Amino acid sequence: MKVLVLNSGSSSLKYQLIDSDSEEVLAKGIAERIGVKGGGGKIKHETAKNGKVEVDVDMADHDQAMDRVFKLLTDPQHGAIASVDDISAVGHRVVHGGERFVEPVVINDEILAEIDKMSVLAPLHNPANLKGIKACIRLMPGVPQVAVFDTAFHATMPDYAYIYALPYNYYTDYGVRRYGFHGTSHRYVAGQALKLLEEQGVSRETSKIITCHLGNGCSMTAIVGGRVVDTSMGMTPAEGLVMGTRSGDIDPAVLLYLAREQQATPDEIDDLINKRSGLLGISGISSDMRDIAKAAAEGNRRAELALSIFCYRVKKYIGAYAAAMGGLDAVVFTGGIGENSSEVRSRVCKGLEFLGIQLDEEKNRSARGLAEICSSASRVRIFVIPTNEERMIARETVGVLQSRKTGAGVR
Ligand code: ADP
């Protein structure tokens, strides 16, 4: 069947039309500057058959954007289907599922209201995700809409990994706890890694894997027997690793210092830790790892520092998670940086030989796509596995429809 996968942001809409049997991407694209004053809207669209096309079109809201996307998908020249009726289901990426959503669900009015409630935990993301969902419900009534949550894979974390050391009622009354994100990516690459490990004789039940999703946002997950036991992001995606523009772990009292001494407002502090920190903040150059690595190689001291801090933090989490799991069978690198930067992978692994992690520098440098990059003597397998969140969302969408687990009914 043909599944449309949607990732709806506040002013953008990314889509992929996937044949769920062959997992072929029939068409994909992104609508940009939706509802942005001053126009400049654009849809970049691509099909396997007819290549790329760019359409300049102003879109007042997500309904208009979806309408234009459907026109492209059914366009005689640039389309991939004859009619919107050829789409059997839509899988929506939803960032925050809170404690309620531990697996994908078919969306109905009650589910919509619940996703809306979670907006307090993800004020930038869930309302934007809802816009895409509502546009699809309006434009394709009767077609099952499925929500796949970024937090869901992490639902198996034990309480001692997700409870903050605050008064306990902050958890029970306000839901203040660690949830974790990037779950769809971690689940996809962990599944691939488990297959590879099984082929090498490691039992699935006892397998211990660390997945490192290093992109603009970065997170790591510790996975025992295919189930998450810890992850680096917290109640929001700001915790954990150094990211393009996010600080990751920080002494919470620093924020109080800024509030008291510099009269910084909550919005200013939010902007600081989410948009002006990380690689960008340390280097003063860029949030993009390619720029940072280039500047560091050219001798820029702060770019070198940013790169060092980034890799050091990943290395610390590998040590922590190996300890948390009581062993380690594989480390997986994914995301734009994890898949492409041999330098980051090399710096992260250097010095971890005592844990049984031995990188093969030559394999690491020449890795393209899915690759095993450890030496034959390495006790721990090291993999580069390209992530594919859209494929995972399509799989989960089909899975939930086939098992009809929700009982929530199809709108
Ligand atoms: P997102 O989290 O937005 O999906 P990506 O997973 O695409 O982002 O990752 C973007 C990051 O990947 C950027 O920091 C970019 O510099 C980095 N990246 C992409 N290609 C390379 C490369 N060849 N070498 C180093 N970093 C790269």
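Here the structure is a predicted model, which means the values were calculated and not measured. Each ligand, and each atom within it, is numbered from 1 in the order the structure gives. These numbers come from the heavy atoms of this one structure, side chains and all, not from hydrogens, waters or symmetry mates.
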Exercise. Do the numbers put R313 on top of the ring of F310, so that NZ or CZ is under 6.0 Å from the six-membered ring centre and no more than 45° off the axis?
Worked result: no
Exercise. What residues sit with at least one heavy atom under 4.0 Å from ligand 1?
Worked result: G215, N216, G217, D288, M289, R290, G335, G336, I337, N340, S341
Exercise. With sequence neighbours left out, which residue pairs that include part of residues 328-338 fulfil the side-chain hydrogen bond (donor to acceptor under 3.5 Å, both in side chains) condition?
Worked result: T334-E339
Exercise. How are the rings of Y170 and Y174 set relative to one another: parallel (under 30°), tilted (30 to 60°) or perpendicular (over 60°)?
Worked result: tilted
Problem set entry | Plane angle bin for H186 and H154 - parallel if under 30°, tilted between 30 and 60°, otherwise perpendicular | perpendicular
Seminar exercise, completed: Minimal heavy-atom distance between G98 and T151, with the atoms involved, is N-OG1, 4.1 Å
For this session: Decide yes or no on ring-ring contact (aromatic ring centres under 6.0 Å, His included) for F149 and H96, but give the supporting numbers first.
Result: CA-CA 6 Å; F149 299 91; H96 219 305; 9.2 Å; no
